[in-house]
Amino acid sequence: MQSLKRVPDAKGRFGPFGGRYVPETLIPALDELEQAYSRWRNDREFTAELREYLVNYVGRPTPLRRADRMSAALGFDVYLKREDLNHTGAHKINNTLGQILLARRMQKHRIIAETGAGQHGVATATAASLFGLSAEIFMGEEDVRRQALNVYRMRILGAKVTAVASGSKTLKDATNEAIRDWVTNVRTTFYVIGSVVGPHPYPMMVRDFQSVIGREARRQLKKLINGLPTHIVAAVGGGSNAMGIFHPFRHDPVELVGVEAAGEGIETGRHAASIAVAEPGVLHGAMSYLLQDADGQIQPAHSISAGLDYPGVGPEHAYLHYSGRARYETVTDREALAAFHQLAEWEGIIPALESAHAIAWVLQAREHLKAVGARVLINLSGRGDKDVDTVYQLEEEKG
Amino acid sequence: MAVPSGRSIQGVAAVAETFRRAHDEGRAALIPFFTAGYPSLAVLPELLRAAEDAGADLVEVGIPFSDPLADGPMLQKAAATALAGGVRVDAILDILARTKTEIPRVFLTYVNPVLRRGFDRFADNAVASGMAGAIVPDLPWTEARALRRAFSARGLAVIPLVAPTSTDAHLAALRSADGFVYAVSVTGVTGARQSVAGDLETLVARIRQAVPLPVAVGFGIATPEHAQAIGQFADGVIVGSALTEAIMRRPQAPAEATYAFLRPMAEALARARGD
């Protein structure tokens, strides 16, 4: 076991990754955010308030249970951490509530966020509505078209949804536009970033808010089997659900497996597996691995799962890969789709296509996992209701 | 007048010389920005010459980037058009190496294309292309140490930016900077605006008190009137989006559009302190 230094350091570095690569205008705002976060993160009243909302509004702790039919079929134990049972249907709300409680303490009354498929947008609109704050959600024009129902959900919740027409018109461009808005309205606005990405302190802060997943899972497994899993598996786009479940186990003898989206196959170039290609660079304020060409131009990502369709990855994941503490694997659209159906059939749970990537890797590695007598914990980060339409359309097309 | 044989003073010294000369003439320096590759890379030499003829003192050459998060719609569009036209960094370096100008020029580039090349190699490229330095809007001063080392070893400047939100600590850290200070006139992205911010003069005064370098103001400057107003208290006036818009309106005659846009601005600056 390799022991990890405490990361990030004072400059927001995870080894060579992380940092702050943003216009000078935002540096004082990031300093202010970092100070506010370090003041409140361990404050008794703040943590009690967050806990109360997580319990009575979100519905935490989320269940953790052995997947009996799946375990029987595979020949080793599989446990599911049910983040799909959170209010709004995914882990995203753990983070948005934390950040919005912080925004309130910082007297920021306007909330902005980026969203891809709309999950983080819905979670942000939900938390903003809960506290009567005005929210503006930036979403690529292409995603607005593909995810019309989530746009409507955000509007029902009182948020303004702004379609972004620049670049590839997807999450990457929505994030650019959110940063541009923040640069412009920095004095009044709190930017709720949805994953463990962005300039310091965001990757650390989002990780900490999501770590409730891993802390609960650790406690629940202790009670259930009086031990640790051998493997923890989670899907990685930006990487917040994976960081959330990995972090509390980082000092334990547990293999941490992040699963990236190989899309149509790494070799086709149409994928979203930044760690698989491992080319360092700066996107959205942090040094990490990203999809780019020889000139450093960011390349579009591709995945069947909108939540994984991002050309970068959180800097701490880059660091966990670089240091060898976690391993990163890939599964294709096709494998994820098969896993989506397989879990529904075995366990009566329709997983989000993101989470289906984690399931798919366990299926892919089943022989090895069986041979080593694995006890696998999967982070089921979200429910698949939002994807049913996409899957239906895809399968209709194929006939 | 300009001699087309190129200048003898290079790098950061040429930048200092430019501001000194403008100062001696009692006016602010005029600093236009061009996106390399917009409307095409082939016209870049003509645009630089038109700028020089119109009375520009220093020029910023933008390396287009796929995700320009400090830019407004106009410069986003110029960069996207350039990239869609297939512009590569090597081709930009190459055409600049072959284009002599009397006035110094600096790159404006986001950090990722620079990282991708490597700081030392990029600095070597900048020297070979006759550049005096670079402005990197998403590389804040606290992260700029390695690039500054590579640049200063070759007599080039990493131009620091100061925003209306910048702290005194940031200004104090700029004492060791080279070239000039780029004062960002507003909290926001690039783009022409109806008016210029009222507290800009205070910002420039704060910078002057802390940093012994010329101060050039950019973001939102669109008209000779804006330039003249800012030229009363700043050492340089940077114009990008409005110039790009002027070129966009006359894509068949970009050099003429450049001259027609910049000439009145240069004249307004020459009058500024006299009136």
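The analysis underlying the following values was restricted to heavy atoms, covering all of them including side chains, and did not include hydrogens, waters or symmetry mates.
- Using a 4.5 Å cut-off between heavy atoms, Pro137(B) contacts chain A through its backbone alone, with no side-chain atom that close.
- Relative orientation of the Phe151(B) and Phe122(B) rings is parallel, given thresholds of 30° and 60° on the angle between their planes.
- With a 4.5 Å cut-off on non-hydrogen atoms, Pro68(B) touches chain A through its backbone and its side chain both.
- In this structure, a donor-acceptor pair under 3.5 Å is absent between the side chains of His284(A) and Tyr202(A).
- Of the atoms belonging to Asp181(A), not a single heavy atom falls under 4.5 Å from chain B.
- By the 6.0 Å contact criterion, CD on Gln209(B) is open, its count of non-hydrogen atoms from other residues, nucleotides or ligands being 12 or less.
- For a residue to count as touching a neighbouring chain, one of its non-hydrogen atoms must lie under 4.5 Å from one of that chain's; by this rule Val111(B) touches chain A with the side chain only.
- If you measure heavy-atom distances from Ile63(B) to chain A, you find no contacts under 4.5 Å at all.
- Taking the six-membered ring for Trp and thresholds of 30 and 60 degrees, Phe17(A) and Tyr322(A) have ring planes more than 60 degrees apart, a perpendicular arrangement.
- Taking the charged nitrogens against the carboxylate oxygens, Arg206(B) and Asp168(B) do have a contact shorter than 4.0 Å, which makes a salt bridge.
- The contact between Arg117(B) and chain A is made entirely by side chain atoms (from C-beta outward), counting heavy-atom distances below 4.5 Å.
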**Message:** Quick one, Met243(A) with His317(A), criterion side chain to side chain contact (heavy atoms under 4.5 Å, CB included). Give me CA distance, side-chain angles, the key distance, then yes/no.
**Reply:** CA-CA 8 Å; Met243(A) 272 323 303; His317(A) 283 296; 3.5 Å; yes
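- Most heavy-atom pairs under 4.5 Å with chain B: of the set Thr184(A), Leu26(A), Val186(A), Ile179(A), this distinction falls to Thr184(A).
- For the options Asp71(B), Asp67(B), Leu139(B), Asp90(B), heavy-atom pairs under 4.5 Å to chain A are most numerous at Asp67(B).
- At a 4.5 Å heavy-atom cutoff, the contact between Ala294(A) and chain B is made by backbone and side-chain atoms alike.
- Heavy atoms closer than 4.5 Å to chain A are found nowhere in Pro73(B), neither backbone nor side chain.
- Using a distance-only test at 3.5 Å, with no hydrogens or angles considered, a donor-acceptor pair links the side chain of Gln292(A) to the main chain of Pro280(A).
- Proximity to chain B (any heavy atom under 4.5 Å) is restricted, for Ile27(A), to the side chain, taken from C-beta onward.
- A donor-acceptor pair under 3.5 Å is absent between the side-chain atoms of Asp295(A) and the main chain of Gln297(A), judged by distance alone.
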